[in-house]
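Chain identifiers are assigned alphabetically (A, B, ...) following the order of the sequence lines, protein sequences preceding nucleic acid strands; residue numbering begins at 1 within each chain.
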2 protein chains.
Amino acid sequence: MSEKPRRVSRIQKKNREAILAAALQEFSARGFAGTTIDQIADVAGLSKPNVLYYFASKDAIHTELLEALLDLWLGPLRELQAAGDPADQILAYARRKLEMSRDYPQESRLFANEVLQGAPRLASILGGALRELVDEKAALIAVWMAEGRIARTDPHHLLFSIWALTQHYADFEVQVRAVLGDGHDPFAEAQGFLDQLYRRLLRPGAD
Amino acid sequence: MSEKPRRVSRIQKKNREAILAAALQEFSARGFAGTTIDQIADVAGLSKPNVLYYFASKDAIHTELLEALLDLWLGPLRELQAAGDPADQILAYARRKLEMSRDYPQESRLFANEVLQGAPRLASILGGALRELVDEKAALIAVWMAEGRIARTDPHHLLFSIWALTQHYADFEVQVRAVLGDGHDPFAEAQGFLDQLYRRLLRPGAD
DNA sequence: GAAAATATTGACCAGTTGGTCAGGATCAGG
DNA sequence: CCTGATCCTGACCAACTGGTCAATATTTTC
């Protein structure tokens, strides 16, 4: 489609990365509309025209960030496999997602910001690739339930619950920390809680 | 503190309400920075200067919305009482919160937007009134657990999980609907799922 | 029904923002 | 060390935005 430069110089690579990192920080903290190119430039240590030398527009930066994000975001779900113990598989997925919230909170917030505002730039993916992936994994989970290896429940909403619970600790981190006060490690505690919750929910015979 | 007009005329009441409703719609959909006074004025059916006749500034509208929101938002948790069956009390709380997500999705998104961006205007409340309320209810839940009336788990994270799960259906409604496709009633299904989840989590002897 | 209070508006303004551009600085290859 | 490509910047612009204000319209009150 679009012609990309044959070679990317060291400078180009470094600056593009700096801009994307700065933009991620700002967009995730202030939203797209709340962020100015100048702020991104400042954080990246560049001038505004220089930022626009590397990216055609503010929108282009945002789009590139979102595209990169999607790969990262859907990764853990892809790893949900048929092999192994079903409950362990699901618990491992929840754990991976929680680690993502802990290690990539900015990405989580960028995604949240986007979906919160109607996901205009993600709508096709949500109803397309994501939906197919979710349906596939939900079918796998349904098989496990039919085999009696885990307790019955709605597979789609089971997955939603994992998203909601894990992303909550990134997206609402301020609130969680404010309510818990100092001396807490929200993510460590959350891991224990989630383990417990899904073990009890899925324990064979619980239904 | 501030001097309010002795009498509020019909017009004043009607227009202030129209402005707040319009602002809620726009702020929750586009964020504070992404919303212009002109947009609010259009939705409210007024002119921009007329909006600013009723509110001192864009910020003042936002602040007033947030204040009104807090009462609404903390209401359900206050109703969590010591009387009655513990599991029923918690299930009822989850159900009320889910109904809030269904009936006040804009309020939920406004709140999410705010917390997502670091909650600069709510920080004192989150660490103050909210924290106290949560601690109080967490203590009540801890008593129930100590009495063996519900299974043991972390009361704070139990409450967080209810927030995360219920608000998810409002804040990420676009995603939920995109993934489920047509022919689903996310909120109805969620209610069944949540009932099941918390029943199994809290079932005495589950620990 | 006239005066007073309230409501509404068009015109305007200053600051901000996304984006452009011509020219200059710097770098890589020969 | 020369040259072309790449990189960077100051100055600039048009559009937009929050907010003001004097003048006008409307409603309320007596």
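Residues of residues 22-30 of chain B having a heavy atom closer than 4.0 Å to DNA chain C: none are found. Near-neighbour residues of DNA chain C inside residues 36-51 of chain B, defined by a heavy atom below 4.0 Å, number-ordered: B:Ser47, B:Pro49, B:Asn50.
A:Leu202 is not listed as a side-chain neighbour of A:Pro86, based on a closest heavy-atom distance of 4.5 Å or more. Contact of the B:Tyr198 side chain with the A:Leu201 side chain is not registered, since no non-hydrogen atoms from C-beta on lie closer than 4.5 Å. You'll find the side chain of A:Tyr54 stays beyond 4.5 Å of the side chain of A:Ile61, heavy atoms only. Residues B:Gln39 and B:Arg30 meet the side-chain proximity criterion, which asks for heavy atoms closer than 4.5 Å.
Spacing between atom OH of B:Tyr53 and atom P of D:dT26 amounts to 15 Å, rounded to whole angstrom units. Rounded to an integer number of Å, the gap from A:Asp59 CG to C:dT17 P is 17 Å. Taking atom CZ of residue B:Phe32 and atom P of nucleotide D:dT17, one finds them 13 Å apart after rounding to whole Å. Between the CD1 atom of B:Ile11 and the C1' atom of C:dA7 there is a distance of 6 Å, rounded to whole Å. Remark: C1' of C:dG18 and CZ of A:Phe55 are 16 Å apart, rounded to the nearest angstrom. Residue A:Leu52 contributes atom CG, which lies 19 Å from atom P of D:dC12 at whole-angstrom precision. Remark: C1' of D:dC7 and NZ of A:Lys13 are 18 Å apart, rounded to the nearest angstrom. At whole-Å resolution of the value, NE2 in A:His62 and P in C:dG19 are 13 Å apart.
Of the candidate nucleotides C:dG19, D:dC8, D:dT28, D:dT28 has the atom lying nearest to any side-chain atom of B:Arg10.
Under 3.5 Å, the side chains of B:Ser108 and B:Tyr169 contain no donor-acceptor pair of N or O atoms. Between the side chains of A:Gln167 and A:Ser101, no donor-acceptor pair is found at a separation under 3.5 Å.
Look at B:Gln12 and you won't find any side-chain N or O under 4.0 angstrom from OP1 or OP2 of C:dT6. OP1 and OP2 of D:dT6 both lie 4.0 Å or more from every side-chain N or O belonging to A:Asn15.
Between A:Ile37 atom CD1 and A:Asp42 atom CG the span is 12.0 Å, to the nearest 0.5 Å.
The aromatic rings of B:Phe160 and B:His157 lie perpendicular to each other, with more than 60° between the two planes, well past the 30° mark.
Ion pairing of B:Asp195 with B:Arg95 is present here, as a side-chain N (NZ or NE/NH1/NH2) and a carboxylate O approach within less than 4.0 Å.
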